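All values reported here derive from a predicted model rather than from experimental measurement. Below, all heavy atoms of this structure are taken into account, side chains as well, without hydrogens, waters or symmetry copies.
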Amino acid sequence: MRIGVVGTWGGSALLRSLADDGSPTGPAEQVPDLVAAVREREARESPRWVWASTSEVYPGLLGAGVRVARCHDLALVEALLLGHDGRWGEPRSVAAAWARLRGEPVPADPQHGPRDLQPALFEPDRTGLPGDVDPLDAVVAVHRRQQQGLSGPLALLAAAESAGALLAAELGHDGLPWRADVHDELLTGLLGPREEPGVRPARLRELAARIAEAFGGRAVNPDAPADIVRAFAREGVQVPSARSWVLRKVEHPAAPLILAYKELSRLHAAHGWAWLDQWVSGGRFRPEYVPGGVVSGRWATRGGGALQIPRVVRRAVVADPGWALVVADASQLEPRVLAALAGDHRMAAAAAGGDLYQALADEAFGGDRARAKVAMLGTIYGQTAGEAAQLLVQLRQRFPAAVRYVEAAATAGEEGRLVRSVLGRTCPPPSAAWRELLSGGPADVDGGGAAPDPDGAPTGDGRRAARDRGRFTRNFVVQASAADWALALLAVLRARLAELGSPGDRPALVFFQHDEVIVHTPEPLAAAVADAVTSAGREATRMVFGPTPVQFPLGTAVVACYADAK
DNA sequence: GGCCATAGCGCG
DNA sequence: AAAGCGCGCTATGGCC
């Protein structure tokens with residue numbers, strides 16, 4: 001059972017019941033209160049809600065205390081279908097999809113600026129549909145068309161992507177438990193007391209002074225990399241840059257001071273008091289997640305940097321009294337994904353146990369786990385230089401199917417072809433500039449690259465561009481399939497958690513970062529949540545990869561504080 | 001004062 | 001031994 005829905009004027013809405021194939025099973029129905037209607041129909045029949053965009057509709061429902069179990073996000077699914085069709089990047093809104101359906105000019109998607117926080121009253125009509133088109137008719141027509149293109153894995157991906165959109169809105173709404181007082185204490189301990197904006201805290205001032213002293217008393221701005229390089233040059237120390245790994249090898253009294261400064265300065269700038277003020281309120285960190293924001297299907301965030309929370313700061317992520325955090329992460333997800341994707345029996349056997357790298361090492365690297373890991377990651381990332389190149393030979397000997405799988409993806413990329421994840425998320429096609437470069441066209445000449453050699457193989461810049469894209473597509477098949485798996489895990493886990501506890505006292509997902517989730521749960525339910533995570537992982541594996549010997553173990557920890565999870 | 005590229009580093 | 005994937009965010013510094 002599905003219900004198409006559009007909001008209309010002043011909180012009212014139009015609804016229409018739909019069959020799974022998208023055909024209407026009744027007339028359009030006008031309701032005075034969208035929120036009340038969704039609440040009532042959700043409780044009564046828990047339909048799959050078909051709407052233009054979860055990120056536009058769902059936050060309002062959440063704000064009114066209404067949650068739904070399932071939806072079909074037309075914009076996200078349109079993007080999946082366009083990508084699958086080799087039309088990556090074309091406008092994805094319902095208005096655009098409707099225009100394509102009718103052969104009419106396709107409106108560009110509304111630009112989502114980073115600070116797009118206008119009051120709703122003053123927003124222009126977001127739908128972008130011609131004035132004489134009933135928006136519900138457009139929703140119904142676009143959905144029906146999408147259902148025709150969705151079968152098998154792609155249908156699963158569409159459902160998972162939509163579930164992810166629901167969850168993303170819920171995560172943004174609920175927020176991650178965050179103790180501002182703990183964060184503040186941590187900052188004060190490391191940096192000194194908070195200062196006025198624009199004033200360095202005491203510890204940074206002190207380090208800056210000692211750096212200047214180490215350089216013979218000349219003022220050096222440790223926040224300016226060029227300044228650091230010049231200062232070392234004056235001392236007769238040539239450094240190619242001020243990167244930390246470079247400075248770590250420099251034997252000069254200023255080097256360790258600069259490293260200490262950089263670390264603290266970064267904490268202060270990126271996750272200091274200003275961040276705390278802006279992003280944490282009411283004991284929660286509320287970032288804005290962007291499902292499908294990365295080409296591989298990983299999520300991105302808009303503001304708040306939720307996917308880059310430094311380890312030290314995780315001390316501030318603390319469960320409410322009487323509650324616990326269940327922190328779960330998939331270990332060695334990407335190599336396991338490759339083993340399953342490639343159907344490499346020997347690698348799959350290695351991935352059937354707990355420590356994949358150790359098993360690979362025992363199989364092909366004389367038990368040397370570190371070398372096995374370098375070889376594996378080098379293969380997934382397309383590393384050609386250094387130690388990894390040697391190790392690849394051994395890996396290929398023992399696991400030919402797995403190596404062949406990523407090399408085929410690399411070749412496809414170099415030749416300008418498309419590659420897909422296990423569920424069918426498709427990489428973008430190469431740009432026009434890339435094609436020019438590869439065909440030795442004007443871009444090649446302008447770029448100073450060499451022309452193709454007589455037998456047509458690109459050289460110079462073209463060769464480099466081809467290899468760059470090969471590394472991208474090589475990694476894409478693995479990273480995007482890992483994202484498929486993670487999305488399936490989220491969808492299953494979200495549904496299982498909704499069956500635990502009681503409303504208002506229910507475990508809830510509060511964080512998701514590529515291959516890691518956090519559930520905030522009443523303490524007595526922690527064990528049940530950990531079980532739910534484990535079984536959701538197994539279910540995700542079955543849904544995405546079917547029968548496979550590959551295991552995707554989830555390490556789970558029940559903790560009061562995120563920092564204690566590892 | 002805003003815009004942009006670059007450098008650098010946080011996360012997976 | 002500093003390359004080999006995907007991101008977001010901040011500070012600097014040149015430019016208009």
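- The side-chain heavy atoms of A:M376 and A:Y357, taken from C-beta on, include a pair separated by under 4.5 Å.
- With respect to the salt-bridge test (charged N to carboxylate O, under 4.0 angstrom), the residues A:R369 and A:D355 qualify.
- Among the protein residues, A:G386 comes within range of no part of the nucleic acid, since none of its heavy atoms lies under 4.0 Å from any strand.
- As judged by a 4.0 angstrom heavy-atom cut-off over every strand, A:S296 is placed among residues making no nucleic acid contact.
- Distance A:Y289 OH to C:dG8 C1': 13 Å, rounded to the nearest Å.
- Atom CG in A:L391 sits roughly 18 Å away from atom P in C:dA3 (whole-Å rounding).
- Regarding A:E288, its CD atom lies at a distance of 13 Å from the C1' atom of C:dG8, rounded to whole Å.
- With pairs defined as Watson-Crick or G-U wobble and both atom distances under 3.5 Å, the stems of at least three pairs that touch DNA chain C come out as B:1-12 with C:5-16.
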Do any N or O atoms of the protein come closer than 3.5 Å to N or O atoms of nucleotides 10-12 of chain B, and which pairs are they?
residue, atom, partner, partner atom, Å
B:dG10, O4', A:R266, NE, 2.9
B:dG10, O4', A:R266, NH2, 3.3
B:dG10, N2, A:Q308, NE2, 3.1
B:dC11, OP1, A:R311, N, 3.2
B:dC11, O3', A:R314, NH2, 3.1
B:dG12, OP1, A:R311, NH2, 3.3
B:dG12, O3', A:D515, OD1, 2.7
B:dG12, O3', A:D515, OD2, 2.9
B:dG12, N2, A:R298, NH1, 3.2
B:dG12, N3, A:R298, NH1, 3.2

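- In this structure, A:L264 places its CG atom 16 Å from C1' of C:dA11, rounding to the nearest Å.
- Taking every side-chain heavy atom of A:V294 into account, C:dC7 is the closest of B:dG8, C:dT10, C:dC7.
- Using a cut-off of 4.0 Å between Lys/Arg side-chain N and Asp/Glu carboxylate O, A:D277 and A:R194 are scored as salt-bridged.
- Taking the side chain as every heavy atom from C-beta outward, A:P240 and A:V246 approach each other to under 4.5 Å.
- In the set C:dA2, C:dG4, C:dC7, C:dA2 carries the atom at the smallest distance from any side-chain atom of A:W245.
- At a threshold of 4.0 angstrom between heavy atoms, the contacts of A:G303 are confined to the sugar-phosphate backbone, with no base atom among them.
- Using a 4.0 Å heavy-atom cutoff across all strands shown, A:A242 reaches sugar-phosphate atoms only and no base atom.
- A:T384 comes within contact range of the sugar-phosphate backbone alone, with a heavy-atom separation under 4.0 Å but no base atom that close.
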Could you list all N or O pairs between the protein and nucleotides 12-15 of chain C that sit under 3.5 Å apart?
none

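- Within the 4.0 angstrom heavy-atom criterion, only backbone atoms of the sugar-phosphate kind lie near A:V295; the bases stay farther away.
- In this entry the distance linking CG of A:L247 with P of B:dA7 reads 15 Å, nearest Å.
- The interatomic distance linking A:R248 (CZ) with B:dG8 (C1') rounds to 12 Å, in whole Å.
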